[in-house]
Amino acid sequence: MPVLEANGISIRFGGVQALTDVTLTVNEFEIVGLIGPNGAGKTTIFNCITGFYRPQEGRVRFKGDDISDLAAHERSALGIGRTFQNVGLVKSETVLTNMLTAQHAVIEYGPVAGMVGLPTTLRTERVLKRRAEAILDILDLGHLRDLPVQGLPYGVLKRVEIATALATDPDLLMLDEPGSGLGPQEALKLGDELLELRREFDLTIVLIEHHVPLVLKICDYVYCLNFGQLLTEGDPISVRNHPEVVAAYLGEEAPEAEEEAERLEAGLEGAEL
Amino acid sequence: MTTVLEPPTHDEPLDAAPADDRDFRPTPGGWAARAALPIGSLLVLFFYLNHFAPVRADNLSNGLIIAVGALSLNVLVGYAGQISLGHQAFIGIGAFTSAYVISQSHQSFYVALVVAALVGATQAVILGLVALRVRGLYFALVTLAWGAVSEQCIFLLKGFTGGGAGANAPKPGGFTTDRAYFVLVAIALGVILLIDWRMMASKAGRAMQALRESPQVAANYGVNVNAYTLLAFAVSGFYAGVAGALYASRRTTVQAVEFSFASIALTYLIVTVVGGLRKRGGIVAFAILFELGAEWLPDLAKSLGLPRSFQANAGTYLQAVSGILAILTLIFQPEGLGTITGPIGKWLKGERFHLGHGGGGGAEGVNARP
Amino acid sequence: MLGVTLVTPIILGLVQGAGFGLVAIGLVLIYKSTRVFNFAAGEFATLGAFASYHFSHGFNILFISIPKLGLWAGAVAGIAVGAAFGLLTERFVVRPLSNRPKVTVLVATAAIATTAIALEIVLGATKSFRSGALVSGHPFVLQGVSLLWQELIVIFVLVLAGVGLAIFFGYTDLGLATLATSQEPTASRLMGIRLNRISMLTWGLAGALGGLAGVLLPPVTGSFFAAYGTTDLLIAAFTAAVLGGMTSVPGAFLGGILVGLVQNLALSNVDQNHFPGAPAVAVLVVLIGVLVVRPTGILGREA
């Protein structure tokens, strides 16, 4: 049974058609790559799947259930973990606190129980901390646990973000350019780690990535988007050699739609308060 | 572990603190000094309460009530990134509710305290519902207008407040003297501080911190942003209701004029900012300092031989200065008094004393988002 | 009958609304140029009122004593003090905080208001002052309601200020530069516009407008007191500015009139005994209504 099905997703921002009838399917324990030139709508489809955007048309199914009407936090709680292109962490907090916050939906006690300090909440907090430390250790981030996120280098932040996404206890992990800022060797090493994480956490992974060798190495299946439409799909090698994919990468870009999407995304983060 | 004089290793340049700091354990003398501070403070407090006239205890109660009110504001402004310029409504509604429950419904002070806290939470949540639609600076306007409505309408409703000229709220049995009442207020503040501490160390507090910085990141972590925004309002309103009930019985008669924009909303906001947003120790410390200042400044002016007009207005000058202090805090030292109280707190827990090593959080002032 | 429930409130509403409009235009100028919500704006007006009162009546405070200078000199002093206070705020509070979150600046302006209110209390304890009209007497009687010269002056001044500012922003280089700054700060700086100058200009202007409101309004309403501008003007002025979408000078002008009318009609048509504070409630309703239903204001577009 597919873990994720996005059927006929179309979304417009004002007059800009950002996605047109995009359909993708991800099976259990697959690693699926999403490629395409800048502005193709890759992050936009991520936002539609994770609930930050509401597409005008199309449905999203997760583990067979229609989640199209659920809010982002509900989708996260169901088991969709996600990282952002430009790092989605609570910057003023430490790495460890981010890891604890990310376990929000896993926590069984209620907010008020936590406030009055019921004994079960104290026990739970210890468990959360141990779990957070275990995940950080797996990613070799243990020594950073007490540092504020603000001030950590970009490459480290991308890793911390993967750790927080794992802390949300996902079945489906959606990574937006996990390899950005990494050199070719480091990217391949990241690929090994992702394969390792899939095994360890029983994950299904979707990733947006520009490092072609990384995609070729770890992906079971690849979708290529261009101008908000599906250009082609298939196994990594055949997509890589598809003439239209080659042309799309060499040729013109589609800036408008993505710019619009990014602008809206910035708006979502709330420019002022 | 304890090798000395080793050159700092560069393998882990991102370590939080030098290794000798992480393994630091105070000496027995160090622990004694750490124990001496709270014990000494308690002794000073005991002396202060007993040596001076009861009115000093009463005024100190006011300082603690300001602390509770400022902690209420801190939940909104500091933790959740909302703003309230209408806190006279929060506090005043709590005070009048408590007076109503005591004198009209003939219930005990303790029942009144709980009802006031719940009513305070309810009115805050209603305001919070507006905050879900109206954001940022514009929401600040709504709170300002809500404060005005409370002053000009709610506090003057005859059925609720008797017209605002004076609703009775006697002190509870066993705490009728000013000194005894101070103990009651101190206990209440202690409970609020405990709740605040546990909140920030658990689910709800972390959710608020996340949604303040980025609703998107918070939602991605699984936080229901709207629900936790409303929870922040509820908690703030709850604290404020407690502050209001304490305020009412401290004065024993509640008058509408006391809950004005300048004397409550602005003053409490200044105390929160100068004390340090998200720094509960700093907030409590500055609330007490503010009250002590207002109280002793006239005496000080008198003993210094300053003009009588200055003596009479000393409290007002203090307010003028504290406004300027708040601006200086915002410009130069966004963590406020927390810059000092934070390290003291860590020192008490057995760490080394480091000024400006307050850890994460708060360096960006009122709102940590860029 | 009609006079009391309708004509009086309408006249008073127009006059007070004109005062709200003056303060609101100041709020809009500041928001346009620096994107700051100025919560000290009300105290620009109160300080103007105090200055005009004290200079016209003479005073002796701490070490300074000034002889009685008369109403007109007092009016000039009121405007000057408002402008000076605006400039000081800009230079010592807003500019150092210019790279910080807007909410930080908002809290800082509230802190200024705190300091200003405290200073006003020192200047006149908490008593209310009765301030004199610049021109006394009433030239008109309408539906049994007499109209004061002072009331006509307030309306006239607001119209003058509105038209003057419209010309300033529409036709002068400096005005256009200010508008450009608000929309494209970086590009404007590259074009050689000095942002600090623009910022000072708008804050000074806003301060002067606030001072003017503080000079003109109290004689109509009868008195002023410490924190007068914040309690009696600020919320109404902000609501007026929001009605104008925060960025429109004519919108703020019309918004001020509208809020003045709403307040006064609520005041004279609702029984104060059963329902106190109707004007404040009406303003809250208008404010939330506009923010929820039409955040861009009555005139529509974001400038």
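Note on naming: letters A, B, ... go to the chains in the order of the sequence lines (proteins, then strands), and numbering restarts at 1 for each one.
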* Structure fact -> Between the OG atom in A:S92 and the CZ atom in B:R212, the distance rounded to the nearest 0.5 Å is 5.0 Å
* Asked: If you measure from CD on B:Q216 to CZ on A:F52, what distance do you get to the nearest 0.5 Å?
  -> 5.0 Å
* Asked: Given that the side chain runs from C-beta out, which part of A:T101 has a heavy atom under 4.5 Å from chain B: side chain, backbone, both or neither?
  -> both
* To do: Write out, in numerical order, the residues from residues 65-74 of chain A with a heavy atom short of 4.5 Å from a heavy atom in chain B.
  => A:A72, A:H73
* Heavy-atom contacts under 4.5 Å, residues 188-200 of chain B to chain A -> B:L194, B:I195, B:R198, B:M199
* Asked: Side chain, backbone, both or neither: which part of B:A218 has a heavy atom under 4.5 Å from chain A?
  -> neither
* Structure fact -> Ranking A:T164, A:T97, A:V106 by heavy-atom pairs under 4.5 Å to chain B gives rank one to A:T164
* Considering only heavy atoms and a distance below 4.5 Å, find which of A:G81, A:A77, A:A167, A:A102 pairs most often with chain B. => A:A102
* Looking only at heavy atoms, what is the nearest atom pair of A:H104 and B:Y221, with distance? -> CB-O, 3.6 Å
* To do: Examine whether an atom of B:Y228 lies under 4.5 Å from a heavy atom of chain A, and if so say whether it belongs to the side chain, the backbone or both; otherwise answer neither.
  => side chain
* Please determine, among A:I80, A:L89, A:T83, A:L78, the option with the most heavy-atom pairs under 4.5 Å with chain B. => A:L89
* Could you grab the distance from atom CZ of B:R206 to atom CG of A:L100, nearest 0.5 Å is fine? => 4.5 Å
* Nearest non-hydrogen partners of B:N220 and A:T168, listed with the distance -> O-CG2, 4.1 Å
Hey, can you pull the donor-acceptor pairs under 3.5 Å for the side chains in residues 123-133 of chain B, sequence neighbours left out?
residue: B:Q123; atom: OE1; partner: B:W146; partner atom: NE1; Å: 3.0
residue: B:Q123; atom: NE2; partner: B:G120; partner atom: O; Å: 3.2

* Structure fact -> Among residues 111-131 of chain A, residues within the sub-4.5 Å heavy-atom range of chain B, in order of number, are A:P111, A:G114, A:M115, A:G117, A:L122, A:E125, A:L128
* Is a side-chain donor or acceptor of B:E213 paired with a backbone partner of A:K91 at a separation under 3.5 angstrom? -> yes
